[in-house]
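What follows is one structure encoded as structure tokens, with my remarks underneath.
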Amino acid sequence: MQTISIKDVYRNTETYLNKNISISGWVRTVRVSKSFGFIEVNDGSFFKNLQVVFEENLPNFKEVSSLTLSSAIKVEGILLASPGAKQAFELKASNVTIEGLSQPDYPLQKKRHTFEYLRTIAHLRPRTNTFSAVFRVRSVLSYAIHKFFQERGFVYVHTPIITGSDAEGAGEMFRVTTLNFEKLPRDDEGRVDFSKDFFGKETNLTVSGQLEVETYCMAFKNVYTFGPTFRAENSNTPRHAAEFWMIEPEIAFADLNDNMNLAEEMLKYVISYVLENAPEEMEFFNNFIDNTLFAKLDNVINSEFEQITYTKAIEILEQAKEKFEYPVGWGLDLKTEHERYITEKYFKKPVFIINYPKEIKAFYMRMNDDNKTVAAMDLLVPGVGEIIGGSQREERLEILEQRMGELGLKEEDYWWYLDIRKYGGTKHAGFGLGLERLLMYITGMSNIRDVVAFPRTVKSADF
RNA sequence: UCCUCGAUAGCUCAACGGUAGAGCACUCGGCUGUUAACCGAGUGGUUGUAGGUUCGAAUCCUACUCGGGGAGCCA
């Protein structure tokens, strides 16, 4: 008899009803009486469990009655309509094979656990309802992102994880080295001699694939990266991880407006896709994690995202009755409290803020005609804050070189980045989207450590 | 890194200067349709670590470690 998935049983019930089937999975809970009992089995294919009914006539009735939580079993039997209120059908067992018995000190209860405790058993937490839902949605979301870009002809580019450009500037980096720390090679001035290192120079883990992907953008026109990113920042917040995944599309012959349209279209697409393709999981999140979730997501899908300039945002904040802890003024960066006010209280929907002062943004962003602002965009969403940061890139060689000079960046460190401006450069734009931030927004999970399988954060790299 | 709150049984918590307790988990027993099953009994503790105050400390004080929340930085 072929073993079928529990998802298949739920999705194609008519095919299997009143027929003999076989399933395999892990015991979520057992309820026994003297001569019969119930087992709820989860096989990982589906959020919901399948209820198995067993009776005294099983040859191993006693062993089955005392099954421990999370034991691995295989069940053969007939799928019947269930008289119980909480499920439409159940599997009446004719044979239960115990594949792997779980020890009685299994640390997960049938009761609710705190997320803090579950983080200490990250190897077991995917067996809980919440994490089963989170990581199935993470998978569906990742697929939706690829599907969105692939359907539009974008080329998926694998930018390097180990980077040799020592001047990315997007944050503190993790050094990659094979040097022996006990005996570091030194140069004449007593400094560590990286020419003796594996790559013959200083190397680090990437903090962004943007600069590299821009070069492929100038060959394939529409490209994206989707991969791990590393930041060694000492950030202790529920929104930061040292290792996270980032999506970075880059589009050629395109300006900031094209960029915003792409971001808006992508977000609406992937949220809709997850709602359609993981309905049980999303129902769970809406019921148990955040009961405003569906309303929030519907609002994103159905509203036109607002677009305002940085200058306008400052005006709004200056006129707000709200008391802010940090000062507001043209030229000052927007703080979390300001961003929250604008997206949550003033507009109550996603907002693009564009055209920031050049002083508070990166060197590669395109200078606007006013010579004061650059074509940057941040997308703020209610509840999470900044979810996307992007810009139109400076394609004019002289202006880019001038900006780098102002900021003290050395041209020789960026020779290849400057080269793409020399050989058929064109206007282009792109943005970065944090996968985990988006996943938090879609699931309502409030800590990034609970949407990463084995989170790496300050002072923590267990498992 | 700063501010703030916390750490007691495997888990979630109570006890707030005077003999450390409950629910769940686990073990045993009972129960013919359960749904975080239910009913009865039992097992389970150097109260995060190190000092200090006190006749006496889980409780008060100090430091440290770890965790939560907020801020900065950002995705």
Side-chain angles (χ1 to χ4, degrees), chain A residues 28-40 48-56 65-66 68-70 80 82-87 90 92 102-121 124 128-129 169-172 206-210 225-226 228-248 263 288 324-326 333-337 339-340 360-362 378-381 384-390 431-441 446-452 457-460 462:
Chain A
R28 279 293 179 82
T29 172
V30 187
R31 297 180 287 270
V32 284
S33 287
K34 191 178 181 181
S35 59
F36 70 97
F38 303 91
I39 306 171
E40 283 190 39
K48 293 182 175 174
N49 305 321
L50 180 62
Q51 175 164 284
V52 170
V53 192
F54 63 99
E55 295 183 345
E56 263 187 313
S65 297
S66 56
T68 41
L69 293 194
S70 211
L80 296 173
S82 173
K86 294 213 172 177
Q87 63 282 318
E90 62 193 15
K92 175 87 182 290
S102 177
Q103 301 293 310
D105 60 354
Y106 182 62
L108 288 170
Q109 303 172 27
K110 287 184 259 186
K111 268 176 71 166
R112 203 191 134 70
H113 288 284
T114 59
F115 291 142
E116 290 82 8
Y117 171 64
L118 292 171
R119 277 173 218 147
T120 68
I121 49 170
L124 298 174
T128 63
N129 285 336
E172 288 296 309
T206 182
V207 293
S208 165
Q210 184 204 314
T225 71
F226 184 1
T229 310
F230 307 88
R231 306 243 171 121
E233 301 288 353
N234 189 12
S235 298
N236 296 284
T237 84
R239 294 197 174 85
H240 290 83
E243 177 182 317
F244 63 99
W245 284 59
M246 192 152 64
I247 299 105
E248 294 176 289
F288 294 103
F324 296 117
E325 197 177 326
Y326 286 88
D333 211 350
L334 300 178
K335 301 292 182 187
T336 300
E337 58 176 349
E339 295 181 341
R340 291 184 73 119
I360 58 175
K361 287 294 181 184
D378 282 359
L379 178 64
L380 313 179
V381 294
V384 166
E386 185 182 336
I387 199 166
I388 281 176
F431 61 84
L433 166 68
L435 176 71
E436 286 80 7
R437 295 242 175 117
L438 177 58
L439 185 56
M440 288 167 73
Y441 189 68
S446 56
N447 194 312
I448 198 168
R449 296 167 181 86
D450 298 326
V451 298
V452 178
T457 54
V458 180
K459 294 255 157 49
S460 169
D462 296 330

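Atom set for the values below is all heavy atoms of this structure, side chains included, hydrogens, waters and symmetry mates excluded. Every chain is numbered from 1, with letters handed out A, B, ... down the list of sequences. All values reported here derive from a predicted model rather than from experimental measurement.
- Nearest heavy-atom pair across A:Tyr117 and A:Pro107 is OH-CB, 3.3 Å.
- When the side-chain nitrogen and oxygen atoms of A:Ser235 are compared with OP1 and OP2 of B:C74, none of them lie within a distance under 4.0 Å.
- Atom NZ in A:Lys459 sits roughly 12 Å away from atom C1' in B:C64 (whole-Å rounding).
- Mapped onto RNA chain B by nearest heavy atom, A:Arg112 and A:Thr237 fall at different nucleotides, with A:Arg112 at the one closer to the 5' end.
- With both pairing distances under 3.5 Å, B:A63 is matched to B:U49 as a Watson-Crick or G-U wobble pair.
- A:Thr29 and A:Glu40 share no side-chain donor-acceptor pair at under 3.5 Å.
- Between A:Glu248 and A:Ser208, the shortest heavy-atom distance links the atoms OE2-OG, 2.8 Å.
- Between B:C13 and B:G30, the two P atoms lie 35 Å apart (nearest whole Å).
- With both ends at atom P, the span from B:C60 to B:G44 equals 29 Å, rounded to whole Å.
- Side-chain atoms of A:Glu233 and base atoms of B:U1 include no donor and acceptor less than 3.5 Å apart.
- Neither side chain, A:Gln51 nor A:Arg28, offers a donor N or O lying under 3.5 Å from an acceptor on the other.
- Across all strands shown, nothing is found opposite B:U54 as a Watson-Crick or G-U wobble partner with both distances under 3.5 Å.
- With hydrogens and angles ignored, no donor-acceptor pair closer than 3.5 Å exists between the side chain of A:Arg239 and the base of B:C73.
- With hydrogens and angles ignored, a donor-acceptor pair closer than 3.5 Å exists between the side chain of A:Gln51 and the base of B:U34.
- No hydrogens or angles were tested; on distance alone, nothing pairs the side chain of A:Gln109 with the base of B:G23 as donor and acceptor under 3.5 Å.
- Summarising the base pairing, B:A22 is matched to B:U12 through a Watson-Crick or G-U wobble pair whose two defining distances lie under 3.5 Å.
- Counting distance only, with no hydrogens placed and no angle test, the side-chain atoms of A:His113 and the base atoms of B:C11 include no donor-acceptor pair under 3.5 Å.
- Across all strands, A:Thr29 comes closer than 4.0 Å only to sugar-phosphate atoms, never to a base (heavy-atom distances).
- The side-chain ring of A:Phe244 is stacked on the base of B:A75, judged by centre separation under 5.5 angstrom and plane angle under 30 degrees.
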